[in-house]
2 protein chains.
Amino acid sequence: MIADAAMRLFRRDGYDGTTMRAIATEAGVSVGNAYYYFSSKEHLIQAFYDGMQVEHADAAVAVLAREKDFEPRLRGVLEAWLDVAAPNHEFAGQFFKNAADPESPLSPFSDESTPARAASTELYRRVVDGADIKIAPGLRAELPGLLWLLQMGFVLFWVYDKSPDQARTRALVTQGTPIVDRLVRLARLPVVRGIVDDLVKVVAGLRSE
Amino acid sequence: MIADAAMRLFRRDGYDGTTMRAIATEAGVSVGNAYYYFSSKEHLIQAFYDGMQVEHADAAVAVLAREKDFEPRLRGVLEAWLDVAAPNHEFAGQFFKNAADPESPLSPFSDESTPARAASTELYRRVVDGADIKIAPGLRAELPGLLWLLQMGFVLFWVYDKSPDQARTRALVTQGTPIVDRLVRLARLPVVRGIVDDLVKVVAGLRSE
DNA sequence: GGTCATTCTTGAACACGTTCAACTCACCCA
DNA sequence: TGGGTGAGTTGAACGTGTTCAAGAATGACC
């Protein structure tokens, strides 16, 4: 209820333009009561955050059922994210800075975000596992995590994208995914394999610490 | 004077722990006067930001005079940044969120940061130009920009790095730069060249818009 | 019904970043 | 000398996110 009121106002007035007092009034409660349920203004975003992830997962399911090749699967999932996120682009940037704070629970790298991160990585595991593509053995286990990281890169670009309808990000996805596809295929070549294995080793080593 | 006072307090009490009133008192002026010279608390960081860049450039000069091979040059420059930045790690994270805000002038992608970004890219151009390494013709022009982006990635990792003395970031640099070195050499191979050219084309296309 | 503990709810109060009308001061020109 | 201009300086005041002591409401147990 309070979260709904917050979302309405966030969409209408932006994140910074919405005060906790306004949210409380809109929800018909006192300011203190809003803080009883959400320990900060930031936490009000988490609900929205989670909702978007679920929406994305749903949209991705349709894509993965339809596409069999790796590139369309990856592209479809990324474009699904863009579709889901598009209505919120304007104020997404405003709370992006909160997500970037290493201390914030909203940070994609935080402990609190571990479930969301795992769910998202799992999505990319399905992208990889269901695809008609041969993957270098060493790369297979790490690829979903790397694709999640790639998505974070696209999100970063999207947040900064001021072009109408975020056309630049869409173009980047369209042009980028074929390159990723070719990179993954390339990774099986003997000359390239060694370096890919080293790269995977570094990534795996970082995560295990 | 005001900036100096601010830096002293930032280092002692952190960014969030330092109030504008405290800064003004420390500098022996009124709050309003501090705002006469710095239009926001954020702008007080810019001075510090610029100072660090100059320090880094100086440290890099020594490295570039000493090393001739590409990998040590790249690694040296990155490690120089870590050395310069180390004393500020604790409170760097606190204002990192401000830098991440797309609207903030502190953002590395903002218009206001263009000079700093250009200076930093120029540094990596010197890393590349002075190195004993053959570079694929198509890659040569874009490599400095890509290395700057790589540094941004390391900085991101560094900000989140909670290990003592940021040992994990140092390890990542140590293990990462040889891989970059090999990737750059690999880019000259006929099988790899096509994909590198496409990648460069996408990057160049994005920047020209 | 009465008592107690727990959960929920309130709004005044706090500290903060920021703004602004008022003021001081230095300097110049007639 | 007088007055005017513009840069420099002030601190009270504003709106913000957040806290907290105090009070309601709820429900469990005798």
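Naming: A, B, ... by sequence-line order, numbering from 1 per chain.
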Novice: If I take atom OH in residue B:Y37 and atom P in nucleotide D:dT10, what distance separates them, rounded to the nearest angstrom?
Specialist: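 In whole Å, D:dT10 P and B:Y37 OH are 10 Å from each other.
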
Novice: Return the value, rounded to whole Å, for the distance between atom CZ of B:R21 and atom C1' of D:dA12.
Specialist: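 In whole Å, D:dA12 C1' and B:R21 CZ are 10 Å from each other.
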
Novice: Given D:dG11, D:dG8, C:dT9, which nucleotide is nearest the side-chain atoms of B:S30?
Specialist: D:dG11

Novice: In this structure, how many angstroms lie between the P atom of C:dC16 and the CG atom of A:D16, rounded?
Specialist: 20 Å

Novice: Please report the distance, rounded to the nearest Å, between OH in B:Y35 and P in D:dG11.
Specialist: 16 Å

Novice: Determine the contact category for B:V31: base if any of its heavy atoms lies under 4.0 Å from a base atom, sugar-phosphate if only primed atoms, P, OP1 or OP2 are that close, otherwise nothing.
Specialist: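 Touches a base.
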
Novice: Is any side-chain nitrogen or oxygen of B:Y36 closer than 4.0 Å to OP1 or OP2 of D:dG8?
Specialist: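 For D:dG8, OP1 or OP2 has a side-chain N or O of B:Y36 closer than 4.0 Å.
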
Novice: Which whole-number value in Å describes the distance from A:E42 CD to D:dT18 C1'?
Specialist: 13 Å

Novice: Indicate yes or no for a side-chain donor-acceptor contact from B:T25 to the backbone of B:R21 under 3.5 Å, with no hydrogens or angles considered.
Specialist: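 Side chain of B:T25 to backbone of B:R21: a pair is present.
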
Novice: Can you tell me if B:D161 uses its side chain to pair, donor with acceptor, with the backbone of B:S163 under 3.5 Å?
Specialist: yes

Novice: Return the nearest nucleotide to the side chain of B:K41; candidates are C:dT10, D:dT18, C:dT18.
Specialist: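 So the side chain of B:K41 is nearest to C:dT18.
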
Novice: Taking CG from A:N33 and C1' from D:dA25, how many angstroms apart are they, rounded to a whole number?
Specialist: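 Between C1' of D:dA25 and CG of A:N33: 12 Å.
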
Novice: When you get a sec, tell me which of C:dC8, D:dT10, D:dT18 is the closest nucleotide to the side chain of A:M20?
Specialist: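 Minimum distance to the A:M20 side chain belongs to D:dT18.
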
Novice: For a side chain to side chain contact (heavy atoms under 4.5 Å, CB included) with A:L9, tell me which candidate from A:R11, A:M7, A:R12 qualifies.
Specialist: A:R12

Novice: How do A:G32 and A:G17 order along DNA chain D: which one's closest nucleotide is nearer the 5' end?
Specialist: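 Result of the comparison: A:G17.
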
Novice: Rounding to an integer number of Å, can you tell me how far A:I2 CD1 sits from C:dT9 P?
Specialist: 8 Å

Novice: If you measure from the Lys or Arg side-chain nitrogens to the Asp or Glu carboxylate oxygens, is any gap between A:D129 and A:R140 under 4.0 Å?
Specialist: yes

